[in-house]
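Fair warning: this is a prediction, and the values are worked out from it, not measured in the lab. Chain identifiers are assigned alphabetically (A, B, ...) following the order of the sequence lines, protein sequences preceding nucleic acid strands; residue numbering begins at 1 within each chain.
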Amino acid sequence: MNKQRNDASFSHILDELKWRGLVALSTDEEALRKELSENSITYYCGFDPTAPSLHLGNLVQLLTMRRLQLAGHNPLALVGGATGLIGDPKPNAERTLNDKATVSEWVSRLADQTERFLDYQGPNAARLVNNLDWTQNYSALDFLRDVGKHYRVGKMLAKDAVSARLNSDSGISYTEFSYQILQGLDFLELNRRYNCVLQTGGSDQWGNLTSGTDLIHRVEGSSVHLIATPLITNSDGKKFGKSEGNAIWLDVELTSPYAMYQFWLNTDDADVIDRLKVFTFLPRAEIEQYQQKVEAEPFKREAQRRLALEVTELVHSHAEAIAAQDAAMALFGAGDIRSLDAKTLRSALNELPNAEVSKGSLVVDALLATGLCESKSDARRAIEQGGVSVNKTKIDSESAVLDDVLPGNQAVLARGKKSLAGLFF
RNA sequence: GGCUAGUUACCCAAGUGGCCAAAGGGAACUGACUGUAAAUCAGCUGGCUCAGCCUUCGGGGGUUCGAAUCCCUCACUAGCCA
């Protein structure tokens with residue numbers, strides 16, 4: 001974290017955020033610019049506990065917060081102990097409620113995770129807040145009188161998140177409809193408690209973001225600010241942040257450093273420069289050099305390698321990033337895996353999903369044990385399609401057994417080109 | 001509270017008594033070509049002790065030799081009426 005800094009070639013933090021493509025929408029830009037340059041302001045961004053870990057979408061917000069912190073402003077990381085119990089309206093369908101114990105467990109996990117990305121020490125240290133603190137003892141009657149009275153239903157219905165659901169055939173519950181009020185209340189409360197005057201968030205949350213500025217304007221008569229980051233999208237139109245259909249999590253238990261590294265390494269040429277801007281602290285000059293490299297010699301994939309190393313280090317650690325990189329080189333490198341020494345191979349395999357197996361057992365069972373395949377049918381299908389190999393030798397029979405053991409009592413099992421696993425005998 | 005329409009696999013969606021493990025599209029996965037990229041083409045996507053068997057079409061019950069399909073009931077969703 002000590003190495004992180006903003007690019008000094010930008011005279012204003014807002015210019016850097018814009019160059020990095022982090023500003024999709026904002027409230028009055030001139031006023032915001034003035035506020036940011038004249039004062040050390042307090043700002044916040046909320047994270048709802050909808051899962052046991054934050055994911056890459058949240059990382060965009062965390063890094064945006066960090067950049068503002070590096071510019072001398074004071075972050076409030078808000079965990080949604082209350083809003084997580086309600087759930088913001090997703091475009092397609094109503095959420096199923098998670099029980100309170102689960103949400104509370106997730107809140108503490110997310111809170112811990114924010115510590116890796118924001119500095120909780122020093123002169124403009126980050127502070128952690130939980131919206132359950134000001135909502136759990138709020139009576140429904142007081143809430144309706146004090147807060148509800150400031151909301152007009154017509155305006156609430158007009159918000160994208162709500163109207164999309166009203167026009168869908170799944171409808172929307174009063175619970176999710178009310179979400180925007182809770183988020184508005186958060187901003188008001190933080191404005192009163194900490195003089196918080198800026199909220200950041202994803203542009204898909206714009207309706208919920210403006211809920212707060214509107215409420216503060218009505219109640220306090222003051223104008224506060226918003227920055228909405230764009231939704232990160234892939235140039236091929238696919239959803240960002242998923243690998244083989246699974247989300248990329250920041251929690252090491254859910255997504256290994258190796259998987260994280262691989263995810264970034266596989267970034268499209270068309271997207272890699274945008275990703276470097278958003279997900280790393282590399283300065284503009286350096287990123288522009290990578291841009292030239294992508295154009296001149298894309299097959300070297302230098303930008304992807306750097307991106308993978310930087311983000312893996314950011315989320316995990318330097319040592320783990322290097323280990324992931326070494327594993328990738330060992331397993332995908334030009335050399336024959338048979339020429340690797342046992343120790344190097346072992347450490348690479350430890351980065352992968354792996355399993356204990358016995359010599360002579362079925363390859364199908366190994367595919368299942370390592371999690372490379374979900375069922376035996378799946379495993380047989382994969383073999384039939386020619387997608388399975390052991391130690392880079394294709395398996396051509398469903399009844400094949402494990403008989404090729406590398407030095408150190410280990411083997412490399414592969415499904416397709418990129419899904420690898422370690423086998424230990 | 002009443003009426004009407006609906007609930008099908010990861011998502012959308014067809015199927016309205018046997019030819020249904022269930023069309024089509026999206027998405028994922030595998031192969032070819034590549035650079036662990038994109039695009040394109042091809043294959044493939046319930047499970048198992050795999051020429052066979054088992055479980056699945058909102059839940060439960062029933063009719064029938066046979067039900068995703070018909071009947072009853074419950075739950076949920078939408079629209080209209082009150």
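- Contact of A:Gln385 with B:rG31 (side chain to base): no donor-acceptor pair of N or O atoms is detected under 3.5 Å.
- Under the 30°/60° scheme for interplanar angles, the aromatic rings of A:Phe240 and A:Phe263 are found to stand perpendicular.
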Side chains of residues 179-189 of chain A: which donor-acceptor partners sit under 3.5 Å, not counting sequence neighbours?
{"unit_1": "A:Tyr179", "atom_1": "OH", "unit_2": "A:Asp48", "atom_2": "OD2", "d": "2.6"}
{"unit_1": "A:Gln180", "atom_1": "NE2", "unit_2": "A:Met156", "atom_2": "O", "d": "3.3"}
{"unit_1": "A:Gln183", "atom_1": "NE2", "unit_2": "A:Gln199", "atom_2": "OE1", "d": "3.1"}
{"unit_1": "A:Asp186", "atom_1": "OD1", "unit_2": "A:Trp134", "atom_2": "NE1", "d": "3.0"}
{"unit_1": "A:Asp186", "atom_1": "OD2", "unit_2": "A:Asn131", "atom_2": "ND2", "d": "2.9"}
{"unit_1": "A:Glu189", "atom_1": "OE2", "unit_2": "A:Arg193", "atom_2": "NE", "d": "3.1"}

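- Residues in residues 407-425 of chain A take part in these salt bridge (Lys or Arg N to Asp or Glu O under 4.0 Å) pairs, two or more places apart or across chains: A:Asp378-A:Arg415.
- Applying the ring pair (Phe, Tyr, Trp, His ring centres under 6.0 Å) test to A:Tyr43 and every residue at least two apart in sequence or in another chain returns nothing.
- Nucleotides B:rG47 and B:rG79 have their P atoms positioned 38 Å apart, rounded to a whole Å.
- Spacing of P atoms, B:rC10 relative to B:rC71, comes out at 28 Å, to the nearest Å.
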What's touching nucleotides 6-16 of chain B from the protein side, N or O pairs under 3.5 Å?
none

For nucleotides 80-82 of chain B, which of its nitrogen or oxygen atoms have a protein nitrogen or oxygen under 3.5 Å away, and what is each distance?
none

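- Rounded to a whole Å, the CG atom of A:Asp268 is 14 Å from the P atom of B:rU36.
- Applying the side-chain contact (heavy atoms from CB on, under 4.5 Å) criterion to A:Leu368, with sequence neighbours excluded, gives A:Lys376.
- The distance between atom CG of A:Leu166 and atom P of B:rU77, rounded to the nearest whole Å, is 14 Å.
- Within residues 248-261 of chain A, no residue has a heavy atom under 4.0 Å from RNA chain B.
- With both ends at atom C1', the span from B:rA68 to B:rA14 equals 12 Å, rounded to whole Å.
- The phosphate of B:rA37 (OP1 or OP2) has a side-chain N or O of A:Lys418 nearer than 4.0 angstrom.
- Looking at A:Arg33 and A:Asp15, a side-chain N of the basic residue comes within less than 4.0 Å of a carboxylate O on the acidic one, giving a salt bridge.
- Listed by first and then second residue, the salt bridge (Lys or Arg N to Asp or Glu O under 4.0 Å) pairs that reach into residues 166-178 of chain A are A:Arg165-A:Glu176, sequence neighbours excluded.
- The C1' atoms of B:rU45 and B:rA82 are separated by 49 Å, rounded to the nearest whole Å.
- Under the Watson-Crick or G-U wobble criterion, with both distances below 3.5 Å, B:rC41 is paired with B:rG31.
- In this structure a side-chain-to-backbone donor-acceptor pair under 3.5 Å is missing from A:Asp365 to A:Val363.
- If you find the closest nucleotide of RNA chain B to A:Lys394 and to A:Lys417, the one lying nearer the 5' end belongs to A:Lys394.
- To the nearest 0.5 Å, atom CZ of residue A:Arg20 and atom CG of residue A:Asp7 are 6.5 Å apart.
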(request) Please test A:Glu297 against A:Lys300 for salt bridge (charged side-chain N to carboxylate O under 4.0 Å, His left out), starting from the C-alpha separation and ending with a verdict. (result) CA-CA 6 Å; A:Glu297 39 191 18; A:Lys300 286 192 178 171; 3.3 Å; yes
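- At distances below 3.5 Å, at least one donor-acceptor pair connects side-chain atoms of A:Asn350 with backbone N or O atoms of A:Arg346.
- Shown here is A:His12, whose NE2 atom has more than 12 heavy atoms of other residues, nucleotides or ligands within 6.0 Å.
- Nucleotides B:rA23 and B:rG2, compared at atom C1', are 38 Å apart to the nearest Å.
- Screening residues 308-323 of chain A for side chain to side chain donor-acceptor pair (under 3.5 Å), with sequence neighbours left out, gives A:Lys3-A:Glu313, A:Arg306-A:Glu310, A:Glu313-A:His318, A:Ser317-A:Glu320.
- Checked against side-chain contact (heavy atoms from CB on, under 4.5 Å), A:Ala161 has the following partners two or more places apart in sequence or in another chain: A:Pro89.
- Side-chain N or O atoms of A:Asp99 include one that pairs as donor or acceptor with a backbone N or O of A:Thr102 at under 3.5 Å.
- When each of A:Gly171 and A:Ala382 is assigned the nucleotide of RNA chain B bearing its nearest heavy atom, the one mapping closer to the 5' terminus is A:Ala382.
- Counting heavy atoms from C-beta outward, A:Leu307 and A:Tyr290 have side chains that stay 4.5 Å or more apart.
- Using a 4.0 Å cutoff on non-hydrogen atoms, the parts of residues 292-326 of chain A near RNA chain B are A:Pro298, A:Phe299, A:Arg301, A:Gln304, ordered by number.
- Side-chain atoms of A:Asp341 come within 3.5 Å of backbone N or O of A:Thr344 as a donor-acceptor pair.
- A 3.5 Å limit on both hydrogen-bonding distances identifies no Watson-Crick or G-U partner for B:rU36.
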Between the protein and nucleotides 47-49 of chain B, list every N/O to N/O distance that falls short of 3.5 Å.
{"unit_1": "B:rG47", "atom_1": "OP1", "unit_2": "A:Ser375", "atom_2": "OG", "d": "2.7"}
{"unit_1": "B:rC48", "atom_1": "OP1", "unit_2": "A:Lys376", "atom_2": "N", "d": "2.8"}
{"unit_1": "B:rC48", "atom_1": "OP2", "unit_2": "A:Lys376", "atom_2": "N", "d": "3.4"}
{"unit_1": "B:rC48", "atom_1": "OP2", "unit_2": "A:Ser377", "atom_2": "N", "d": "2.6"}
{"unit_1": "B:rC48", "atom_1": "OP2", "unit_2": "A:Ser377", "atom_2": "OG", "d": "2.4"}
{"unit_1": "B:rU49", "atom_1": "OP1", "unit_2": "A:Lys376", "atom_2": "NZ", "d": "3.2"}
{"unit_1": "B:rU49", "atom_1": "OP2", "unit_2": "A:Arg380", "atom_2": "NH2", "d": "2.8"}

